[in-house]
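Labels below follow one simple rule: chain letters A, B, ... track the order of the sequence lines, proteins then strands, and each chain is numbered from 1.
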Amino acid sequence: MLDIKRIREKPDEVREGISAKGGDGTLVERAIELDKRLRELKTQTENLRAEQKKKSGDFGRLKKEGGDIAKLQNELNDLKAKLAVGDDDLTRTEKDLQAVLDDMPNVPHKDVPRGTSAEQNVVVKSWGDIPKIANPKPHWEIGKAFGFEQERASRMSGAGFQLFLGPLAKLERALIQYFLHEHTEKNGYTEAYCPFLVRPHALYGTGQLPKFQVELFHAERDDLYLIPTAETPLTNIHADEILAESDLPKRYCGYTPCFRREKGAAGADTRGMVRGHQFTKVEMMEFQHPAKSYEAHETLTRNAEKLLEGLELPYKRVLICTGDSSAANAKQYDLEVYAVGVARWLEVSSCSNFEDFQARRCKIRYKDSVTGKNEFVHTLNGSGLATSRIIPALLENNLQPDGSVRLPKALHAYYGKATL
RNA sequence: GGAGAGGUGGCAGAGUGGCCGAUUGCGUCGGUUUCGAAAACCGAUUUACCUUCACGGGUAACGAGGGUUCGACUCCCUCCCUCUCCGCCA
């Protein structure tokens with residue numbers, strides 16, 4: 001959610017920003033109008049209430065003294081009626097304004113390239129060489145030899161779910177171990193094990209509700225949602241809290257399954273592991289001081305890159321343009337890994353700075369030592385990494401002529417041997 | 001699934017119709033003291049909106065919404081949330 005003060009004071013900046021994100025620029029005018037109305041109504045009802053308060057006091061005293069209260073009582077009943085109308089107006093206006101604010105995406109950082117589609121994304125960095133493989137094969141074919149059980153998975157759960165038996169299941173676990181070990185032992189993250197089902201308000205806080213309801217799995221009886229990413233529970237760790245400035249930054253990492261309906265993606269990537277209703281991801285999450293969040297964004301992205309370098313996978317870092325980035329963030333880098341079998345760059349990580357957009361919705365603040373006021377923290381998160389994209393890349397890029405798959409050194413200790 | 005208790009400021013926890021925006025303790029910040037620190041003592045310390053050049057002043061908010069009342073933190077109703085006990089269970 002955007003700060004209404006910012007909208008009021010810098011309407012042009014905000015309008016440009018949300019339009020660049022593909023949002024509706026006219027929302028700015030509506031917000032300003034409603035905000036103005038709201039403040040007028042507030043003053044109005046406040047004055048009425050002040051009068052009521054004062055006269056009620058008089059009334060009490062007069063009654064005790066046995067004076068004539070009839071006239072005052074009439075005045076008070078009058079006030080009461082007026083207040084009822086005023087209060088109705090006020091709540092309606094508040095709701096309207098809230099709805100408009102909920103509809104607005106974040107304002108992108110000024111350095112983010114303006115654009116409407118992936119075409120305008122900017123590759124800011126590349127690492128590693130694309131391996132030469134004699135007879136490249138897609139991972140779903142290679143995987144068959146290592147326990148990729150597409151049909152059995154579909155039989156019990158339908159399309160879009162994975163069953164791994166043996167080597168791939170173990171590889172999945174090895175990857176998670178490797179990622180978590182790096183984050184907790186080298187990068188200063190606190191490991192979190194968190195709920196996989198959350199209440200609606202938690203999803204509202206991170207921005208997945210109300211706008212992206214159709215993308216979520218919902219357990220209706222309990223009104224709980226399966227998390228689409230660990231971002232949701234990790235960000236909500238400090239929801240409704242006021243942190244000490246000295247507590248910042250706070251860094252958490254955790255692995256969770258992620259559940260997504262992929263409603264709009266019917267037909268795309270139906271083969272293989274790349275797009276499923278359930279996948280596993282290790283997430284990095286950071287609560288940061290506003291002055292340091294962009295620096296932190298670089299470090300966080302770098303943390304994800306180091307994992308890829310450890311896995312010896314060629315990647316590029318892409319700065320996502322305004323129109324292609326997700327609604328809640330202000331700046332987003334994606335990391336893409338090349339997989340030779342499908343001959344495509346696969347998105348393995350998405351690292352974002354949300355500034356105070358989520359913090360405002362989740363009410364995560366800190367007491368600022370300079371202003372002396374409670375200010376919203378900045379939240380950042382990034383995948384580090386998603387196994388569902390890493391496994392295909394490892395299988396395809398490291399396929400040996402004899403059909404075995406070589407594993408990068410970094411995984412040997414976690415997997416227990418050097419090949420699948 | 002059954003029974004009970006409760007939601008108040010950064011935290012803990014008083015307040016049971018007007019005298020309460022709220023006693024007190026802890027924490028935090030500033031000061032005194034000290035070579036420095038601790039302790040002790042003194043003071044400050046919720047938020048939003050309106051108003052003022054400023055100092056300041058005003059109004060509202062005690063989980064949310066509704067009701068009773070001239071007047072609600074306080075009484076009633078609904079909802080949300082938390083905790084405790086019993087049952088079941090990995």
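- Using Watson-Crick or G-U wobble geometry with both donor-acceptor distances under 3.5 Å, B/C29 finds its partner in B/G43.
- Nucleotide B/G17 forms a pair with no other nucleotide shown, judged by Watson-Crick or G-U wobble geometry with both contacts under 3.5 Å.
- Residue A/Asn47 places no side-chain N or O under 4.0 Å from the OP1 or OP2 atom of B/U59.
- Contact between the side-chain N/O atoms of A/Arg49 and the OP1/OP2 oxygens of B/G58 is not found at any separation under 4.0 Å.
- Residue A/Glu241 contributes atom CD, which lies 17 Å from atom P of B/U47 at whole-angstrom precision.
- Within 4.0 Å of A/Asp58, counting heavy atoms only, lies no atom of the nucleic acid at all.
- Taking atom C1' in both B/C62 and B/C81, the straight-line distance is 16 Å, to the nearest Å.
- Contact annotation for A/Lys5: backbone-only contact, meaning every heavy-atom pair under 4.0 Å involves sugar-phosphate atoms and none involves a base.
- One interatomic measurement links the two molecules: CZ of A/Arg39 to C1' of B/U59, which rounds to 15 Å at whole-angstrom precision.
- With a cut-off of 3.5 Å on both pairing distances, B/C88 has no Watson-Crick or G-U wobble partner at all.
- Across the C1' atoms, B/G10 and B/G65 are found 28 Å apart, a figure rounded to whole Å.
- The shortest distance between the side-chain N/O atoms of A/Lys363 and the OP1/OP2 oxygens of B/G10 is not below 4.0 Å.
- Counting only heavy atoms from C-beta on, A/Ala50 has its side chain closest to B/U59 among B/U47, B/U59, B/C50.
- Classified by interplanar angle (parallel below 30°, tilted 30° to 60°, perpendicular above 60°), the ring pair A/Phe287/A/His238 is perpendicular.
- Just one residue in the list A/Asp334, A/Thr229, A/Thr301 forms a side-chain hydrogen bond (donor to acceptor under 3.5 Å, both in side chains) with A/Ser350, and that residue is A/Asp334.
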Give me the distances for all protein-to-nucleotides 68-73 of chain B N/O pairs that come in under 3.5 Å?
{"residue": "B/C70", "atom": "OP1", "partner": "A/Gln73", "partner atom": "NE2", "Å": "3.0"}
{"residue": "B/C70", "atom": "O2'", "partner": "A/Ser56", "partner atom": "OG", "Å": "3.3"}
{"residue": "B/G71", "atom": "O4'", "partner": "A/Ser56", "partner atom": "OG", "Å": "3.2"}

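- If you take NZ of A/Lys54 and P of B/A60, they are 13 Å apart, rounded to a whole angstrom.
- Taking atom CG of A/Leu90 as the reference point, atom P of B/U59 lies 18 Å away to the nearest angstrom.
- Taking the six-membered ring where the residue is Trp, A/Phe217 and A/Phe161 present tilted rings, their angle falling between 30° and 60°.
- As the counterpart of B/C55, no nucleotide is assigned, since no Watson-Crick or G-U wobble pattern has both distances under 3.5 Å.
- As rounded to the nearest Å, B/C86 and B/U68 have C1' atoms that lie 38 Å from one another.
- Comparing the same atom, P, in B/U69 and in B/U59 gives a spacing of 26 Å after rounding to whole Å.
- Atom name P, nucleotides B/G30 and B/C85: the rounded distance is 43 Å, in whole Å.
- Closest-nucleotide positions on RNA chain B for A/Asn374 and A/Thr91 were compared, and the one nearer the 5' end corresponds to A/Asn374.
- A donor atom on one side chain and an acceptor atom on the other are found under 3.5 Å apart for A/Asp223 and A/His218.
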| field | Step-by-step salt bridge (Lys or Arg N to Asp or Glu O under 4.0 Å) determination, A/Asp35 to A/Arg8 | value | CA-CA 8 Å; A/Asp35 170 56; A/Arg8 196 191 298 148; 2.8 Å; yes

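- A straight line from CG of A/Asp240 to C1' of B/U82 spans 13 Å, rounded to a whole angstrom.
- Protein atom NE2 of A/His238 is 14 Å distant from nucleotide atom P of B/C11, rounded to whole Å.
- Computed from coordinates, the A/Glu94 CD to B/A60 P distance equals 16 Å when rounded to whole Å.
- Comparing the P positions of B/U46 and B/G9 gives a spacing of 13 Å, expressed to the nearest Å.
- Rounded to a whole Å, the CG atom of A/Leu48 is 18 Å from the P atom of B/C50.
- Separation of the C1' atoms belonging to B/A60 and B/G87 is 47 Å when rounded to the nearest angstrom.
- Pairing for B/G65 is with B/C77, a Watson-Crick or G-U wobble pair whose two hydrogen-bonding atom distances lie under 3.5 Å.
- Aromatic ring pairs are classed by plane angle as parallel below 30°, tilted from 30° to 60° and perpendicular above 60°; the pair A/Tyr178 and A/Tyr414 is tilted.
- Below 30°, between 30° and 60°, or above 60°: for A/Tyr338 and A/Trp345 the angle between ring planes is above 60°, a perpendicular geometry.
- Searching all strands for a Watson-Crick or G-U wobble partner of B/G4 with both distances below 3.5 Å returns B/C83.
- Comment: A/Lys110 does not engage A/Glu13 in a salt bridge, judged by the lack of any side-chain N to carboxylate O separation of less than 4.0 angstrom.
- With the nearest nucleotide of RNA chain B identified for both A/Arg365 and A/Lys53, A/Arg365 has the one nearer the 5' end.
- Taking the six-membered ring for Trp and thresholds of 30 and 60 degrees, A/Tyr189 and A/His183 have ring planes more than 60 degrees apart, a perpendicular arrangement.
- Of the P atoms belonging to B/G63 and B/G15, the separation is 15 Å, rounded to the nearest Å.
- Among the atoms of the strands shown, only primed sugar atoms or phosphate atoms (P, OP1, OP2) are found under 4.0 Å from some heavy atom of A/Arg199.
- For the residue pair A/Gln162 and A/Glu149, no side-chain donor N or O sits within less than 3.5 Å of a side-chain acceptor on the partner.
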